[in-house]
Protein chains: 2
Amino acid sequence: MGNAVSIKDLARKFKCAPSTISRALNDHPMINIDTRKTIQEYAHKIGYQKNTISLSLLNKCSKTLGVIIPSISHYHETAIIEGLEAILQPAGYLLNICVTNECHALEKEYLNRLYANRVDAICISLSQETFDHSLNEHIDLAISRSMPIIFMDRFYHESDVDRVITDDFKGAFLATEHLIHMGCQRIAHLHGPKGITVSQQRFRGYQVCLKKYGREVDDELVKQVMFSPESGIEAAKSLLDQEIKPDGIFAVNDEVCFGAMKVIQERNYKIPEDIALVGFDDIPLSAFGPIALSSVSRKSKKIGEQTAHLFLSKMNGMHQHQQFTLEPELIVRESSQRNHYS
Amino acid sequence: MGNAVSIKDLARKFKCAPSTISRALNDHPMINIDTRKTIQEYAHKIGYQKNTISLSLLNKCSKTLGVIIPSISHYHETAIIEGLEAILQPAGYLLNICVTNECHALEKEYLNRLYANRVDAICISLSQETFDHSLNEHIDLAISRSMPIIFMDRFYHESDVDRVITDDFKGAFLATEHLIHMGCQRIAHLHGPKGITVSQQRFRGYQVCLKKYGREVDDELVKQVMFSPESGIEAAKSLLDQEIKPDGIFAVNDEVCFGAMKVIQERNYKIPEDIALVGFDDIPLSAFGPIALSSVSRKSKKIGEQTAHLFLSKMNGMHQHQQFTLEPELIVRESSQRNHYS
DNA sequence: GATTCAATTGCAAACGTTTGCGTAATTTTT
DNA sequence: AAAAATTACGCAAACGTTTGCAATTGAATC
């Protein structure tokens with residue numbers, strides 16, 4: 001890559017100053033129309049392409065957005081990326097995507113590397129380790145360097161930050177309420193990793209809904225899981241091994257729910273008659289499994305789009321912090337649709 | 001981002017030349033040990049971080065890899081990204097990820113934008129449109145600009161390029177052979193989009209295997225699909241509406257297979273007794289659906305890792321083109337495991 | 001006390017591009 | 001024909017960093 005043709009090369013070729021070439025290529029008004037045409041044609045012919053690195057240096061603007069996410073293996077994250085790209089590609093931006101695997105050290109390292117590269121802003125969904133140990137110096141450092149930070153999903157500051165999140169509380173509330181409406185008496189919850197905001201909010205939605213309908217929150221019906229089907233399997237087994245078995249399960253996400261579904265079917269319970277199921281995230285496959293899964297859609301792509309818009313507004317000089325909370329939507333399918341209404 | 005502290009600011013502060021600061025920060029041997037220490041400590045204190053954009057300009061090396069993929073919503077692509085990151089993060093690289101949505105114009109645009117940003121190389125999996133219309137001038141342009149291009153999965157040049165692919169032919173062969181061993185007599189194939197290499201190779205593996213075992217390839221048992229469950233549903237319906245119904249299906253990928261599975265269950269055929277199923281890609285959920293899906297794993301993460309190694313070797317001066325073909329592996333689960341062996 | 005040597009530091013160019021200002025050449029106006 | 005205005009281009013600095021070479025300093029040697 002050391003032999004790319006530059007504006008200086010063109011200047012030599014045309015025996016003129018680099019500035020003339022620059023003006024010709026940028027359709028500057030104060031340039032002779034013939035020289036402009038000649039230069040443009042020649043530049044196009046030999047495949048000249050502006051080196052945007054020098055522009056980044058000059059303009060202190062790299063036309064690049066840094067994205068730090070804990071994982072990229074779930075629908076939610078990829079949909080966010082799709083949403084970001086849908087808005088930012090037409091705006092001329094590129095995305096630097098960094099996956100932390102829930103590791104704080106990596107998050108810190110990436111944050112620094114993105115700053116070194118002077119990306120125009122960083123969108124971040126915090127890692128679990130960052131949460132668990134309330135580690136936030138790296139974020140504070142980035143902010144003190146006046147790097148714009150936009151939180152997606154997982155944030156820790158209560159105010160004074162830009163963020164785009166889903167109303168997980170409401171989503172969980174809707175899911176639980178739906179199970180109540182379907183006549184479920186003993187609604188279990190598969191609770192996500194503790195430190196993470198989304199897990200907490202979903203659990204809270206579940207709790208508050210039960211209380212609103214006069215139900216007790218039974219600790220035996222709340223199991224801790226990771227965001228994986230394996231974990232859902234374990235938790236479901238433990239639920240079904242208990243004396244008090246659930247007749248409805250609200251899981252922290254769809255992967256967990258798939259795991260639970262497998263166990264339930266293996267033990268010959270019927271879905272949704274014996275046990276109704278509702279997941280979270282509305283992953284594409286949830287509609288196409290042998291039993292279509294009910295799920296709370298958190299409009300993942302929209303999170304990306306909204307984040308992109310927030311970012312663009314910041315680039316346009318909006319200095320006030322903005323916080324968006326998107327509305328989730330309950331999608332009812334076979335796994336929870338009963339004819340029995342209470 | 002216009003107020004970042006630079007080496008010049010430090011030079012002013014210490015009343016010395018920028019070069020002294022540079023040498024101090026880089027542990028240059030010819031620098032007084034005390035000044036070095038003082039400068040380093042102060043730089044760390046105020047959070048100075050080298051601007052790598054200027055380094056990119058100077059060294060003609062951006063420590064960034066461009067990645068162009070047709071989609072990011074499937075396991076395969078995200079696993080590739082994980083593989084790339086696993087190797088390239090420790091090596092100090094960042095990834096510019098661009099999703100084309102199978103659109104040629106976008107692919108061309110991104111290719112150009114990545115070149116403008118002077119990424120160190122571009123890994124690309126070609127879009128379907130690029131295939132369908134054999135559009136390759138944009139690739140040729142990039143190559144003529146001496147931008148290193150590494151193909152993943154979907155390529156078009158037969159030689160003289162760097163590439164990392166899976167042996168799709170072999171994977172399809174293994175899947176088909178397995179269905180034959182399971183006693184299937186009428187093995188259908190859900191054939192992916194025509195122009196795409198992987199679809200063609202998988203179809204060829206299916207064909208060659210059938211012929212090897214003395215079976216006819218029945219056109220009625222080969223249905224065209226897109227890479228989606230919806231498409232799998234349609235194709236399965238059309239298969240089951242025919243007079244000659246299959247007793248085994250090899251699908252071009254797992255999503256399609258999930259769609260087919262749904263139809264098969266709705267029509268009360270038993271899996272695997274009436275119809276055995278094998279998919280491709282071994283997506284994580286395939287093991288955890290109510291019926292665990294047999295599938296050909298194409299070691300998606302390994303593709304990313306191998307691509308990363310190929311890239312690094314190119315960065316280290318390896319100029320010869322390298323081509324890697326990874327071995328797929330058949331994972332047998334419930335959906336095809338019969339007790340009947342032929 | 002003059003010379004040599006080593007240890008530090010400064011200078012300036014380079015990477016590729018843009019842009020304000022100056023200037024030459026050409027045209028228009030008086 | 002002289003003055004003014006216009007047109008088109010060049011010069012040089014700037015963005016932040018590195019690095020070969022020159023320069024300075026101080027100490028050691030003759």
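Bear in mind that the values here come from a model prediction, so they are computed numbers and not experimental data. Below, chain A is the first sequence line, B the second, and so on; all start at residue 1.
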Listed nucleotide nearest any side-chain atom of B/C16, set C/dG10, D/dT17, C/dT18: C/dG10
Residue-phosphate contact under 4.0 Å: B/K60 side-chain N/O, C/dA14 OP1/OP2: no
Sugar-phosphate, base or nothing in reach of B/N26, heavy atoms under 4.0 Å: sugar-phosphate
Spacing of B/N117 atom CG relative to C/dT17 atom C1', expressed in whole Å: 14 Å
Test item: side-chain donor near acceptor, A/N101 and B/E82, under 3.5 Å: no
Of the listed nucleotides C/dT18, D/dC9, D/dT17, the one nearest the side chain of A/L55: C/dT18
Any side-chain donor near an acceptor of the partner, A/K50 and A/N26, under 3.5 Å: yes
Touch class at under 4.0 angstrom, heavy-atom based, for B/I31 against every strand present: sugar-phosphate
Proximity to the side chain of B/Y48 - top-ranked nucleotide from D/dA8, D/dC15, D/dT17: D/dT17
Shortest side-chain distance from B/S54, nucleotide among C/dG10, C/dG16, D/dT17: D/dT17
Length of the line joining B/I33:CD1 and C/dT9:P, which is rounded to integer Å: 12 Å
Sugar-phosphate, base or nothing in reach of B/T35, heavy atoms under 4.0 Å: sugar-phosphate
base_contact_polar (D/dC11 base, A/S19 side chain, donor-acceptor, <3.5 Å): yes
Distance, rounded to the nearest Å, where B/N51 contributes CG and D/dG16 contributes C1': 6 Å
Side chain of A/L57 (C-beta onward), nearest among D/dC15, C/dT17, D/dG20: D/dC15
Any donor-acceptor N or O pair under 3.5 Å, side chains A/T64, A/N117: no
Integer-rounded Å distance: D/dT24 C1' and B/K15 NZ: 20 Å
Distance, rounded to the nearest Å, where B/H28 contributes NE2 and C/dT8 contributes C1': 11 Å
Spacing between A/L25 atom CG and C/dT19 atom P, to the nearest angstrom: 13 Å
Gap between atoms CG and C1', on A/N59 and C/dG16 respectively (whole Å): 12 Å
Donor + acceptor pair across side chains of A/S127, A/H104 (<3.5 Å): no
CA sep, side-chain torsions, deciding dist, call: A/K37, A/D34, salt bridge (Lys or Arg N to Asp or Glu O under 4.0 Å): CA-CA 5 Å; A/K37 205 178 152 202; A/D34 293 324; over 6 Å; no
Touch class at under 4.0 angstrom, heavy-atom based, for A/K8 against every strand present: base
CA sep, side-chain torsions, deciding dist, call: A/K299, A/E305, salt bridge (Lys or Arg N to Asp or Glu O under 4.0 Å): CA-CA 10 Å; A/K299 309 290 173 61; A/E305 292 168 349; over 6 Å; no
Nearest-nucleotide 5' precedence on DNA chain C, B/M30 against A/R23: B/M30
Any B/S22 side-chain nitrogen or oxygen under 4.0 Å from OP1 or OP2 of D/dT18: yes
A/K13 NZ to C/dG16 P, straight-line distance once rounded to whole Å: 19 Å
B/R118 (side chain) and C/dG16 (base): donor-acceptor pair under 3.5 Å: no
Nearest-nucleotide pick for B/N32, side chain only, options being C/dT8, C/dT17, C/dC11: C/dT8
